[in-house]
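Could you have a look at this structure, given as structure tokens, before my questions?
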2 protein chains.
Amino acid sequence: MTTGTVRKRRNRVVTRQSQDVRVADILKAAREIVAENGYEGVTVSEIAERAGIVEGTVYRYFKNKEELLLKVAEDWFVESFADLVDVSAISGTYNKLRYLIWHSLKTIKAGPAISRFIMTEVRPKPDYKETAVFDINRRYTAQIRNLFAEAIRSGEFSHDVPERLLRDMVFGTIEHSTWRFLRGEGDFDPAEIADEIAAVLYRGMSAKPPEDDKFSLLVDRLEKVADRLAQDAAGKS
Amino acid sequence: MTTGTVRKRRNRVVTRQSQDVRVADILKAAREIVAENGYEGVTVSEIAERAGIVEGTVYRYFKNKEELLLKVAEDWFVESFADLVDVSAISGTYNKLRYLIWHSLKTIKAGPAISRFIMTEVRPKPDYKETAVFDINRRYTAQIRNLFAEAIRSGEFSHDVPERLLRDMVFGTIEHSTWRFLRGEGDFDPAEIADEIAAVLYRGMSAKPPEDDKFSLLVDRLEKVADRLAQDAAGKS
DNA sequence: GGATCGTAATGAGGGCTATTCAACAATGCT
DNA sequence: AGCATTGTTGAATAGCCCTCATTACGATCC
């Protein structure tokens, strides 16, 4: 139309674009297709077509399909967690916990196709830890850890739990709770599920601890008593 | 070599086999390749080659690659859970729970490649519920549910939790606990992890803490103290 | 034990992929 | 205007799953 473009073959317009624009177009097209057809039905040719380019051009900007789809997932994940507030602004341990869980559930519900992609394709990859997804999960987990640490310090929670296990319980339960939905077998209410999960976790941490260390100390003292008594008895006779 | 076989082209032997034998050969080959290369690297041609047949023959016995791999996963899963004992034979709620969790972890550790396949490929499928995997998980979950119901009835557990949530917590935590391992980033000890998970779940549900082995040991020591005192007293008189 | 026939097995190729690359052409610079 | 740079093309490649017409095995019958 304007200068800088020319018709090629039949009604095809070739335009040179800046990297930023092209990359954005490709990512937008890819994300749309994933959202519509699921990540399994994505083809590079369809992405190219929707982005108004040819397959080969995709490979100027992305090493391969895998890297492209990973970028799609990362971008979406970053955006989805951009509005995550710092839970120090929320009052009450239970409310903090509930908010974090709710936010994850909300995110999954908002983007089921890409969520599935992340769970089934991104997380299993050996280089998952170099991923923006991992990074965000890390920061998210840090909030949970802090929340628990604080509650323990204040005496609200009485148990300590390895951070790893804490993370696995929270994420694991959240993810597993959404599989029915992700499989397309009905809906779920993030607020409701978040309430349930938070309640169980909260309760689990509030219970009173077994005071086994105290028992050990007491028995130690008893043993010393016994030893003294035994020695006394031996010296006497 | 013998009657019923003939050389074709160069040193190829064509033999007609019963369905059972062929299916078994194909499944065996497929399972081996999955175990060796992971499910992502599996090709029908490689399966055929290892089974001593040609690609086309595979499709006489399996509708498509997907169905074949599903069968591999199902068979493996069935075998893996064949030795699952009925937990009514195990004494103590905590021990039952711990056993069930441990068994799952053990299974995952024994077959990481197929476990990954089940988690990332089988479970997301729309027809997952028609799967033997689903069926076994159902029975497994039933044991957990019974265990909890019984503990609540006896007063050992004070809280009730929706079955769905219970299942999601147990499975979710188990699975998430193994992702590092499944990604090839190190090992894990099923017994240790099972202990941790069971402890948290148990504590979360129970009014009282679990009376683990430490108490037994402490009592042992107390008994020894008593013995010493008794012996001393006896020697004195 | 030879002919018959249902069917197991073949292997070539079709259709669809992702990916590469030499040639081309639009743009910015001088 | 000419040139270098580099975005874009489109055809070609290789590999995959899957189909199907053809081949020939081997059980059955006479």
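Every chain is numbered from 1 and lettered A, B, ... according to where its sequence line falls, protein lines coming before strand lines.
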* **Minimum-distance nucleotide to Thr43(B) side chain [options: dT10(C), dC16(D), dT7(C)]** => dC16(D)

* Think Arg22(B) has a side-chain N or O under 4.0 angstrom from the OP1 or OP2 of dA9(C)? -> yes

* Base dC18(D) to side chain Glu55(B), donor-acceptor N/O within 3.5 Å cut-off ->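 Yes.
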
* Rounded interatomic separation in angstrom, taking CG from Asn64(B) and C1' from dC20(D) ->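 For the pair Asn64(B) CG and dC20(D) C1', the rounded distance is 17 Å.
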
* To do: Figure out the CG/P separation between Asp25(B) and dA8(C), and round it to whole Å.
  => 15 Å

* Val21(B) near the nucleic acid: base, sugar-phosphate alone, or nothing, with a heavy-atom cut-off under 4.0 Å? -> nothing

* Applying side chain to side chain contact (heavy atoms under 4.5 Å, CB included) between Ile114(B) and each of Leu69(B), Val72(B), Asp75(B), report the one that passes. => Val72(B)

* Mind calculating the distance between CD (Glu49(A)) and C1' (dG10(D)) to the nearest angstrom? =>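 So the two atoms are 15 Å apart, to the nearest Å.
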
* Length of the line joining Phe62(B):CZ and dC18(D):P, which is rounded to integer Å -> 13 Å

* May I ask you to check whether Tyr140(A) and His103(A) place their ring centres under 6.0 Å from each other? => no

* **Presence of Tyr61(A) side-chain N/O under 4.0 Å of dT8(D) phosphate oxygens OP1/OP2** =>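 So the side-chain polar atoms of Tyr61(A) do come within 4.0 Å of the phosphate oxygens OP1 or OP2 of dT8(D), strictly under.
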
* Structure fact -> Ile53(B) atom CD1 is separated from dT7(C) atom P, nearest whole Å, by 19 Å

* Asked: Around Lys28(B), counting heavy atoms of other residues, nucleotides and ligands shown, do more than 12 lie under 6.0 Å from its NZ?
  ->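 Atom NZ in Lys28(B) is not crowded, with 12 or fewer foreign heavy atoms closer than 6.0 Å.
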
* Which nucleotide in the set dC18(D), dT19(C), dA8(C) lies at the smallest distance from any side-chain heavy atom of Lys65(B)? ->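 Among dC18(D), dT19(C), dA8(C), the one nearest the side chain of Lys65(B) is dC18(D).
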
* Gln17(B), nearest nucleotide to its side chain (from dA9(C), dA18(C), dT8(D)) ->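 For Gln17(B), the side-chain atoms sit closest to dA9(C).
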
* Lys106(A) (side chain) donor-acceptor with Pro190(A) (main chain) under 3.5 angstrom ->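 No; zero donor-acceptor contacts below 3.5 Å.
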
* To do: Select one nucleotide: of dT10(C), dA9(C), dT8(D), the one nearest the side-chain heavy atoms of Val54(B).
  => dT10(C)

* Structure fact -> Assert: residue with more 5' nearest nucleotide on DNA chain D, out of Val58(A) and Lys63(B), is Val58(A)

* Is there a donor and acceptor pair, one atom on the side chain of Arg60(A) and one on the base of dT6(D), closer than 3.5 Å? ->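 Per atom types, no contact qualifies.
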
* Taking atom types as modelled, find out whether Ser18(B) and Asp20(B) have a side-chain donor-acceptor pair closer than 3.5 angstrom. =>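 No.
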
* To do: Please determine, for the side chain of Val44(A), which listed nucleotide (dC17(D), dA18(C), dT6(D)) has the closest atom?
  =>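 So the nucleotide nearest the side chain must be dA18(C).
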
* Asked: Would you say dT20(C) has OP1 or OP2 under 4.0 Å from some side-chain N or O of Tyr59(A)?
  -> no

* May I have the distance from Ile26(A) (atom CD1) to dT9(D) (atom C1'), rounded to whole angstrom? =>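 In whole Å, dT9(D) C1' and Ile26(A) CD1 are 14 Å from each other.
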
* Rounding to a whole Å, what distance do you find between Arg16(B):CZ and dA8(C):P? -> 7 Å

* Asked: NA contact type, Thr57(B), heavy-atom cut-off 4.0 Å: base, sugar-phosphate, or nothing?
  -> base

